Amino acid sequence: MGLYALVIRVLRHLPGSLAQRLPLLVVLSFLAGSLVAGWTLHRIFDRRSALLIAETSGPALLQIIRGTRSSKASPSGSLPPYDWQIAPSGFTAEAAHTVPLILILDGQRVRAAAVFDAPPKRPDALRASDRPQSPDRRLGDLSRAIARQDSEAVLSVFQPDGTVLSIAAPELWRNRLEETKVALIGLAAFLLGMAAIIPLAINLAAPFRLLARRGTAQLPPLASLEAVQVRDRIDHLKERFAEEQDLKAQGLAAISHDLRTPVTRLRLRSEFLDDPHLHGKFSADLDEISRIIDGALDLLSIRHQSEQSHLFALASLVESLVDDYRDTGRNVAFLGQRPMRLPGVPTLFGLSAPVRVETEGQSMMRGQPDKLRRALGNLIDNGLAHGSRVTVSIRSSGSDALEVVIADDGPGIPPDRIAAMMRPFSRGHTRGAGVGLGLAIAQEIAELHAGDVTLENGERGLIARLRVLRGLSPLPP
């Protein structure tokens with residue numbers, strides 16, 4: 001079993017509800033932080049407490065040395081925080097690290113040595129101060145200096161009779177971590193704890209980000225119950241929406257089928273009208289009725305029209321569409337594709353300049369070219385209906401999206417009417433043969449490609465932007 005599978009198997013025992021996971025994550029974070037902080041502070045305070053006790057224990061150390069210099073002294077004993085023992089002569093420190101010392105006690109020079117298990121980190125701290133010191137103050141400073149080495153140590157004092165007094169302080173002179181190492185270990189433990197907790201916190205929101213981006217998605221194995229319920233609810237709503245759309249399309253198809261028969265009868269009867277002017281009005285009204293019915297059916301069925309997705313260059317599709325318009329004498333121009341502009345990358349020395357990238361495959365995407373061609377044709381026709389000239393350009397909107405910009409030189413749209421123009425049967429003019437479905441159909445096709453259509457007034461005329469995702473690689477589950 002791999003490490004990832006093992007971790008997933010262990011984490012599956014966590015509560016499934018988000019309402020239970022959040023408090024548990026908070027409690028775990030608090031406990032982890034408390035443990036790290038407690039361990040760090042305990043180590044630091046323990047060391048500082050040992051240094052303080054060692055510094056104030058000079059009188060006890062002096063009492064031991066003085067008491068053992070007589071011939072009637074006991075061979076061993078204890079005077080907190082020290083234990084002492086008198087050993088025969090023949091002191092050696094072959095495997096230890098020794099720092100020789102000279103102590104001035106009662107006006108006499110006494111030879112001594114501090115013996116460590118490891119090389120002392122601050123051997124200079126063991127030397128006597130340049131200023132005059134009392135014996136108990138000197139021994140207190142010496143005990144503190146030995147404790148600062150953070151290594152197990154023994155203070156050996158050479159007696160006049162040739163014996164050696166060995167003094168140990170198990171609680172003060174022992175192996176311990178320096179404060180710097182304690183702080184670094186605490187910081188490392190904190191970062192490791194964050195590295196373990198942050199992915200869990202991100203995992204709580206990851207399913208909802210997937211749902212917000214795609215509506216439905218293959219959720220991660222540790223998705224909460226709420227995320228699963230939201231996904232199921234979205235799936236249910238999408239199914240209901242699809243069923244309602246199908247019912248509407250079927251109903252409108254039935255209506256259009258039933259209307260075609262009386263429209264055909266009316267068209268035949270209009271042929272018997274003697275007045276040519278009245279005959280033309282009847283034919284125009286019947287043509288408009290047919291266009292409205294056919295357009296509404298087209299709008300409702302655009303999502304169900306079968307077309308395979310292909311890999312193609314959007315720039316080539318737009319260029320061929322513009323060429324078709326130009327061949328028929330329409331004033332449509334293709335400005336080409338603008339280079340991709342990538343933002344600068346922040347570094348230690350500041351923000352680098354933006355990068356311009358221009359390649360032949362810059363507009364490659366995967367989608368349904370026939371439907372996109374129709375959407376772009378609707379936008380171009382809308383521009384030609386209100387203006388005399390239309391210009392088309394393509395730009396890369398980030399690394400995963402493309403944007404086609406259609407600009408005309410018409411009068412534009414009042415700002416308060418822009419939102420309404422995207423609704424079906426909404427017309428920006430009263431003349432012409434349109435029924436107000438071109439923009440709505442373009443919006444439906446853009447949504448099929450995970451994009452949208454937006455309108456805005458430019459310096460001259462209206463600017464329509466059709467944005468689509470490239471779809472070159474599937475979205476992650």
Side-chain angles (χ1 to χ4, degrees), residues 284 287-303 305 314-315 317-338 367-395 397 401-449 451-468:
D287 289 341
E288 184 174 1
I289 293 174
S290 298
R291 285 196 302 271
I292 291 174
I293 294 173
D294 293 339
L297 277 174
D298 202 9
L299 175 64
L300 291 175
S301 63
I302 192 70
R303 292 179 177 267
Q305 294 176 3
L314 184 60
L317 185 146
V318 174
E319 187 174 8
S320 66
L321 177 62
V322 171
D323 289 340
D324 291 343
Y325 276 95
R326 293 176 65 87
D327 291 341
T328 59
R330 313 298 293 275
N331 193 357
V332 182
F334 180 50
L335 302 182
Q337 183 172 7
R338 300 181 183 180
Q368 299 175 346
D370 291 341
K371 290 181 180 178
L372 281 176
R373 185 183 181 91
R374 180 177 179 184
L376 293 171
N378 288 350
L379 296 176
I380 294 175
D381 290 339
N382 185 72
L384 291 174
H386 296 83
S388 60
R389 174 180 171 80
V390 172
T391 58
V392 185
S393 61
I394 300 179
R395 66 179 61 180
S397 180
L402 293 170
E403 185 178 77
V404 183
V405 182
I406 299 98
D408 61 55
D409 58 352
I413 301 175
D416 58 343
R417 288 280 301 159
I418 290 180
M421 290 300 301
M422 303 305 299
R423 301 170 187 166
F425 302 104
S426 180
R427 300 172 62 181
H429 59 87
T430 57
R431 59 182 175 85
V435 295
L437 291 174
L439 292 177
I441 291 176
Q443 176 69 18
E444 286 286 316
I445 295 174
E447 289 180 356
L448 284 176
H449 294 80
D452 57 7
V453 175
T454 58
L455 303 177
E456 64 181 55
N457 288 311
E459 296 181 0
R460 292 186 57 189
L462 185 70
I463 299 176
R465 303 178 187 274
L466 184 143
R467 181 178 177 275
V468 294

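It should be emphasised that the depicted structure is a prediction, and the values quoted were computed from it without experimental measurement. Just so it is clear, the values below take in all heavy atoms, side chains as well, and ignore hydrogens, waters and symmetry mates. Here, residue 1 is the first one in the sequence, and each next residue gets the next number.
Under the side-chain contact (heavy atoms from CB on, under 4.5 Å) criterion, R460 pairs with D409, not counting sequence neighbours. In this view, D452 and Q443, T454, R467 satisfy the side-chain contact (heavy atoms from CB on, under 4.5 Å) rule, not counting sequence neighbours. For D323, there are no side chain to side chain donor-acceptor pair (under 3.5 Å) partners two or more places apart in sequence or in a different chain. Evaluation of the side-chain contact (heavy atoms from CB on, under 4.5 Å) rule for N331 yields R389 as partners, not counting sequence neighbours. R373 is linked by a salt bridge (Lys or Arg N to Asp or Glu O under 4.0 Å) to D324, counting only residues two or more places apart in sequence or in another chain. For the side-chain contact (heavy atoms from CB on, under 4.5 Å) test, residues two or more places apart in sequence or in another chain that qualify with P411 are H386. E319 meets the salt bridge (Lys or Arg N to Asp or Glu O under 4.0 Å) test with no other residue; sequence neighbours excluded.
Contact check for I445 versus N378: no side-chain heavy atoms found under the 4.5 Å cut-off. Looking at V404 and L379, their side chains never come closer than 4.5 Å, going by heavy atoms from C-beta outward. Side chains of L462 and N457 form a contact here, defined as non-hydrogen atoms less than 4.5 Å apart.
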Please determine whether side chain to side chain contact (heavy atoms under 4.5 Å, CB included) holds for the pair I394 and F334, giving the CA-CA distance in whole Å, both sets of side-chain angles, and the decisive distance to 0.1 Å.
CA-CA 9 Å; I394 300 179; F334 180 50; 4.2 Å; yes
Would Y325 and L384 satisfy side chain to side chain contact (heavy atoms under 4.5 Å, CB included), going step by step from the backbone distance to the final call?
CA-CA 11 Å; Y325 276 95; L384 291 174; 4.0 Å; yes
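Atoms CD1 and CD1, on I413 and I463 in that order, are 11.5 Å from each other to the nearest 0.5 Å.
Smallest separation of non-hydrogen atoms from V453 and A442: CG2-O, 3.8 Å. Looking at every heavy atom in both residues, A446 comes nearest to L466 through CB-CG, 4.4 Å. Residues G383 and D408 approach most closely at CA-OD2, 3.4 Å, considering heavy atoms. The shortest heavy-atom contact between Q368 and H449 is N-NE2, 3.0 Å. Considering every non-hydrogen atom in both G367 and P369, the closest pair reads O-CD, 3.3 Å. Residue L317 comes nearest to S320 through the heavy atom pair O-OG, 2.8 Å, listed as atom of the first residue, atom of the second, then distance.
Evaluated for a side chain to side chain contact (heavy atoms under 4.5 Å, CB included) with V392, the options L335, I380, L376 yield exactly one hit, I380.
Under a 4.0 Å N-O distance rule, the pair K371/E444 does not qualify as a salt bridge.
Distance alone, capped at 3.5 Å, places no donor-acceptor pair between the R326 side chain and the A333 backbone.
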